[in-house]
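Counting starts at 1 for both ligands and their atoms, in listed order. Scope of the values below: all heavy atoms of this structure, side chains included, with no hydrogens, waters or symmetry mates.
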Amino acid sequence: MAQPTIQNEENPYEAMLYRFDVAAEKLGLDPGVYKILKIPDREITVSVPVQMDDGSLQVFRGFRVQHSIVRGPGKGGVRFAPNVNLDEVRALAAWMTWKCAAVNVPFGGAKGGVICNPKELSRGELERLTRRYMAMIMDIIGPDRDVPAPDMNTDPQIMAWMMDTYAMHQRHAEYGIVTGKPLELGGSHGRVRATGYGVGLMTREALIRQGMDPKSCTGVIQGAGNVGGVSADALYNMGIKILAISDVDQTIYNDKGIDMMALKAHLREHRGSLEGFKGGERLDPQAVLTLDADILVPAATENVITSKNAADIKAKIIVEGANGPTTPNADKILEDKGVFVVPDILGNAGGVTVSYFEWVQNRLGYYWDERDVNDRLEKIMVTAFQEVCGMADREGTSARIGAYMLSVERVAAVHKLRGIYA
Ligand code: GLU
């Protein structure tokens, strides 16, 4: 097996492979299984023509990548963003494989994306784009094959359009085709808050492990969307003083602590934007990462903690709400500084865990209340945290490598049992 090297720390697929290589090496992974898991099972690129409101036609590019479906149907969100690319979607698909294995839900890993700027699309254009994308990937998805969900810039309404498009082709309602749907349409209680709620649970467990009292801790959150906003609330509810929160345009900093009621009301009204929020001093958007606080939750996007700024991070605990926020080169710097990092494939796994609950409820036709969902989520995530830390402690690695080792081992075990169909 080649010694892991990373040429470009900001290429998410290389960043994913680097950690996979380290885990594979430490596990003594079977070379055949290594070769299988290194490359996605299937990737498709689709062309998505959309009739625009002004009568013109625009053609968008979309992707769906299934990294592994050996443990169950592919699972993973669809993101709409101007800078989505195949390597990013590949990495995100693989991260879903490891994430589902880390929390031990019976799914593989997949991801989708469409290159577009949703801010520039009208509601009608967004709906037509969503429906045509769904129609284009329909051959490879299905409740038992691959189940999409929300991700960056996609939400329950978009899931409803996806479900409807699929259902129209099937000639019957098929709720289990996507998760993250509105409640009225077979969505699950607790799904919208699940990722941030899970970040809260993982913060609590990390604090216990590090022997820190939440009531004397401060926290900062990068990202004010669904994950960032709910994470801020979850940490606040544990007694952590939230000093700052950021979005793409600004950081809002308040050394007395952000007024959570006012923040929540603002984010509800302004759909995840901090523009005009008066609850503190306005700093530049990147400032949030290096503020003096005990806990940092990067809950925005990839590659925000890199070799360039890792040395300036003051936090003692980082809980990754985003996928891929830390590069492998930054991992080393943080490890040397003794920062405890709850890796993305565990830190943000609350979302896919409740997606799993949604899919189960759809198949049962029997729905649970929010308390039931949250209790089950807590049980799964706390168990995963302990298993990840157990692996890391036994192997003398970071929690990230511990999480990869646990996940790769679980996926490899299924490959071994199933064998190769030849
Ligand atoms: N997009 C979320 C993630 O990255 C959720 C995926 C899902 O629920 O399938 O984990």
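- Residue pairs meeting the salt bridge (Lys or Arg N to Asp or Glu O under 4.0 Å) criterion with at least one partner in residues 176-185, sequence neighbours excluded, are Lys181-Glu358.
- Ordered by chain and residue number, the residues placing a heavy atom less than 4.0 Å from ligand 1 are Lys75, Gly76, Gly77, Met96, Lys99, Lys111, Ala149, Pro150, Asp151, Arg191, Asn323, Gly351, Val352, Ser355.
- The aromatic ring centroids of Phe20 and Trp98 lie less than 6.0 Å from each other.
- Under a 4.0 Å N-O distance rule, the pair Asp233/Lys264 qualifies as a salt bridge.
- Closest approach of Asp393 and Arg209 over heavy atoms only: OD1-NH2, 2.8 Å.
- Ring-centre distance between Tyr133 and Phe60: not below the 6.0 Å cut-off.
- Summarising the local packing, OH of Tyr13 is surrounded by more than 12 heavy atoms from other residues, nucleotides or ligands at distances under 6.0 Å.
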